[in-house]
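One structure below.
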Amino acid sequence: MSATEPSAEPAVDAPVPAPVEAPVEQYARARVVTDSPDAARAVPVILRYDGQVRVTLPDAGEWVFPRDLLERGLRAPVSGGDIRIWPCGRVQAVIEFHRHANGHASGATVVQFDVKALIRFLRRTYTAAAPATAQRVTR
């Protein structure tokens, strides 16, 4: 077959892959809220997104929840499972993480964040989606 003759096999369009969300990781500082005014302290927090929001707190472990729970919690009080989120004034938000042991509530960790850090994190989770590229495959 010469280069000018049409191919005997038709061109096939490959399916366009769905966007792949790249993991996002952001470090933030938050304030642990306690009963004692002297004990409140700022702690480093790791915010991750890999299809779910993951919040890692020192000495309290990792908490996993849907991104839309965080989004909604910045506007109005919400809860989902062991997590409650609510706005605290215009510039802060509170996330309350409930622990369970042997099927019973065993305490809670209450953490106050600057809303700016959470909004910046949420924006990054949306911009991390890699654009899908259409490819034409010829056989």
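This one's a predicted model, so the numbers in the text were calculated from it and none came from an experiment.
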### Inter- and intrachain pairs under side-chain hydrogen bond (donor to acceptor under 3.5 Å, both in side chains), touching residues 110-122, at least two apart
Q92-Q112
### Task
Looking only at non-hydrogen atoms, find the nearest pair between A93 and V115 and report the distance.
N-CG2, 3.8 Å
### Task
Looking only at non-hydrogen atoms, find the nearest pair between P58 and V43 and report the distance.
CG-CB, 3.9 Å
### All side chain to side chain contact (heavy atoms under 4.5 Å, CB included) counterparts of I46, not counting sequence neighbours
E25, Y27, R48, T56
## Note on the structure
Sequence neighbours excluded, the answer for side chain to side chain contact (heavy atoms under 4.5 Å, CB included) partners of P87 is P77
Are any non-hydrogen side-chain atoms of [X] and [Y] less than 4.5 angstrom apart?
X: V64; Y: V53; value: no
X: I83; Y: V78; value: no
X: V94; Y: I85; value: no
X: V32; Y: V110; value: no

### Query
Tell me, which pairs form a salt bridge (charged side-chain N to carboxylate O under 4.0 Å, His left out) where one or both residues lie in residues 69-85, sequence neighbours left out?
D68-R72, R84-E96
### Message
Run the side chain to side chain contact (heavy atoms under 4.5 Å, CB included) test on V55 and L70 for me, step by step, so that the C-alpha distance in whole Å, both residues' side-chain angles and the decisive distance to 0.1 Å come before the verdict.
### Response
CA-CA 11 Å; V55 178; L70 179 57; over 6 Å; no
### Task
Indicate yes or no for a side-chain donor-acceptor contact from Q26 to the backbone of A117 under 3.5 Å, with no hydrogens or angles considered.
yes
### Query
Given the rule in the side chain to side chain contact (heavy atoms under 4.5 Å, CB included) test, do V33 and V111 qualify, once you have shown the distances and angles that lead to the verdict?
CA-CA 6 Å; V33 179; V111 184; over 6 Å; no
### Summary
Residue set satisfying ring pair (Phe, Tyr, Trp, His ring centres under 6.0 Å) with F121, at least two apart, ordered chain then number -> none
### Query
Within 45° of the six-membered ring axis of Y126 and under 6.0 Å from that ring's centre, is NZ or CZ of R67 located there?
yes
### Summary
CD1 of I119 to CZ of R124, rounded to nearest 0.5 Å, is 15.0 Å
### Query
For W86 and I95, what are the C-alpha separation, side-chain angles and deciding distance, and is it a side chain to side chain contact (heavy atoms under 4.5 Å, CB included)?
CA-CA 7 Å; W86 65 90; I95 304 180; over 6 Å; no
### Query
For residues 51-81, which residue pairs qualify under ring pair (Phe, Tyr, Trp, His ring centres under 6.0 Å), counting only residues two or more places apart or in two chains?
W63-F97
